[in-house]
Engineer: 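Sharing a structure with you now.
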Amino acid sequence: MASSACVTDMARAAACRDGAAAAHLKVVSIFVIFVTSVAGMSSPVLLAGIFRGKPLYDKAIVVIKCFAAGVILSTSLVHVLPDAYAALADCQVASRHPWKDFPFSGLVTLVGALLALLVDLAASSHVEHAQYAPVVGQEKELELGVGCHGSGGDGERGEELAKVKQRLVSQVLEIGIIFHSVIIGVTMGMSQNVCTIRPLVAALAFHQIFEGMGLGGCVAQAGFSYGTIAYMCLMFAVTTPMGIILGMALFSLTGYDDSNPNALIMEGLLGSISSGILIYMALVDLIALDFFHNKLMNSTPRLKKISFLALTLGSAAMSILALWA
């Protein structure tokens, strides 16, 4: 039964194979995805720069960040994880050992979440240790009656620690998104299936806009220098196009199609670990941090309701795209 399903799937894919048309679509997609990626990630950063210092700036940043968290959570659960599961559940892979014996997509997702936690713990420990020495020095000064910092210094240290933490979150988040983008790009680049590529071009354009807004919302709050922001924006924008070019080169040199079982295994494993990283970052470092530890949100119940609505809208917007990509 499984073998007949495989034959049917292969016959359907063969009817849609057109190398020349696929190559043309992929060249168009490289430029479209680059432009939409830049627009998506730069828009929250530019808006933050324009409204910085205005009365509603802090509240607007929180709402944008919650929308971003919804986008990232939906990306991991509705896009990345199902694709990874489908790749490892493909009849060409699932009929082999050990892939048919264990749910590896769930296991590798768990590993990705634990790795993100490990990075988070190590970085937080490093940051706290780096902050510890100045704090001890100031406390000794106060004991000797030399210093006069008081609670204001504690507040400044807390803000600086929060900003360093936000920078770490943004960087780890970009790593997870880059994994995901590379997989998308290479998979599209190797594919010769016009029926698959054609709807993907439009869907990925919107996908990159929303995902870029998610990452850009986090970067906007992190207080990076303009050079670092530009570098992170460029890395996000070029990753999927570079993945497409790499996939095209791999197919041209080796004929290694995306329907090959080994390619499906690699896609499934990378997608699963990326999904674990994104799920952890969305739930722990974005949603939980803002809804339970953000003083501004806790002091304004109306802002919490608006933020939850933004979270829901971000999740819904990204989930709807799963109809096409």
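Below, all heavy atoms of this structure are taken into account, side chains as well, without hydrogens, waters or symmetry copies. Nothing here was measured: the structure is a model prediction, and the numbers come from that model.
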Engineer: Please tell me if the side chains of I245 and I30 come closer than 4.5 Å, counting only heavy atoms from C-beta onward.
Structural biologist: yes
Engineer: Measure across L311 and F291 and return the closest heavy-atom pair with its distance rounded to 0.1 Å.
Structural biologist: CD2-CE1, 4.1 Å
Engineer: If two hydrophobic side chains count as joined below 4.5 Å and joins carry through other members, does L286 share a cluster with L117?
Structural biologist: yes
Engineer: Only one of V80, L107, D83, T109 clears side-chain contact (heavy atoms from CB on, under 4.5 Å) with S272; which?
Structural biologist: T109
Engineer: Is the closest side-chain heavy-atom distance between V63 and L303 below 4.5 Å?
Structural biologist: yes
Engineer: Do S225 and I229 have side chains that approach each other closer than 4.5 Å (heavy atoms only, starting at C-beta)?
Structural biologist: no
Engineer: Taking the side chain as everything from C-beta on, heavy atoms only, tell me whether K59 gets closer than 4.5 Å to L296.
Structural biologist: yes
Engineer: Short question: side chain of S43, backbone of G40 - any donor-acceptor pair under 3.5 Å?
Structural biologist: yes
Engineer: Between the side chain of H79 and the main-chain N/O of M318, is any donor-acceptor distance below 3.5 Å?
Structural biologist: yes
Engineer: Roughly how far apart are S42 OG and L234 CG, rounded to 0.5 Å?
Structural biologist: 12.0 Å
Engineer: Between S74 and S319, is there a donor-acceptor pair closer than 3.5 Å when you use the side chain of the first and the backbone of the second?
Structural biologist: yes
Engineer: Linking I/L/V/M/F/W/Y whenever any side-chain heavy atoms sit under 4.5 Å apart, do I277 and L110 land together?
Structural biologist: no
Engineer: Taking K26's backbone N and O only, do any of them form a donor-acceptor pair with S29's side chain (distance below 3.5 Å, no angle check)?
Structural biologist: yes
Engineer: Sort out for me which residue in T75, V71, L77 forms a side-chain contact (heavy atoms from CB on, under 4.5 Å) with L73.
Structural biologist: L77
Engineer: Atom CG of L114 and atom OH of Y280: how far apart are they, to the nearest 0.5 Å?
Structural biologist: 10.0 Å
Engineer: Counting only heavy atoms not in Y85, do more than 12 sit closer than 6.0 Å to its OH atom?
Structural biologist: no
Engineer: Quick one: pull up CG in L309 and NZ in K305 and give me the separation to the nearest 0.5 Å.
Structural biologist: 12.0 Å
Engineer: Assigning hydrophobic clusters by single linkage (Ile, Leu, Val, Met, Phe, Trp, Tyr; side-chain heavy-atom cutoff under 4.5 Å), is I64 placed with M297?
Structural biologist: no
Engineer: What pair of heavy atoms forms the shortest contact from D290 to K65, and how long is it?
Structural biologist: OD2-CD, 3.1 Å
Engineer: Heavy-atom distance under 4.5 Å between the side chains of F236 and Q208, does that happen here?
Structural biologist: yes
Engineer: State, to 0.1 Å, how close G268 and A84 come at their nearest heavy-atom pair, and which atoms those are.
Structural biologist: O-CB, 3.4 Å
Engineer: Can you name the closest pair of heavy atoms from I279 and S76 and give their distance?
Structural biologist: CG1-OG, 3.3 Å
Engineer: Under a 4.5 Å cut-off applied to non-hydrogen side-chain atoms, are M232 and T228 in contact?
Structural biologist: yes
Engineer: When hydrophobic residues are tied together by side-chain contacts of less than 4.5 Å, even through go-betweens, does V38 share a cluster with I244?
Structural biologist: yes
Engineer: What's the shortest heavy-atom distance between C233 and M41, and which atoms?
Structural biologist: CA-SD, 3.5 Å
Engineer: Is the closest side-chain heavy-atom distance between F34 and V238 below 4.5 Å?
Structural biologist: yes
Engineer: With clusters defined by side-chain heavy atoms of hydrophobic residues (ILVMFWY) lying less than 4.5 Å apart, directly or transitively, does F67 cluster with L321?
Structural biologist: yes
Engineer: Identify the heavy atoms of S275 and L81 that sit nearest to each other, and give their distance.
Structural biologist: OG-CB, 3.4 Å
Engineer: For the atom pair CD1 (I72) and CG (L283), what is the distance rounded to the nearest 0.5 Å?
Structural biologist: 11.0 Å
Engineer: With heavy-atom distances below 4.5 Å as the criterion, would you say the side chains of K304 and F308 are in contact?
Structural biologist: no
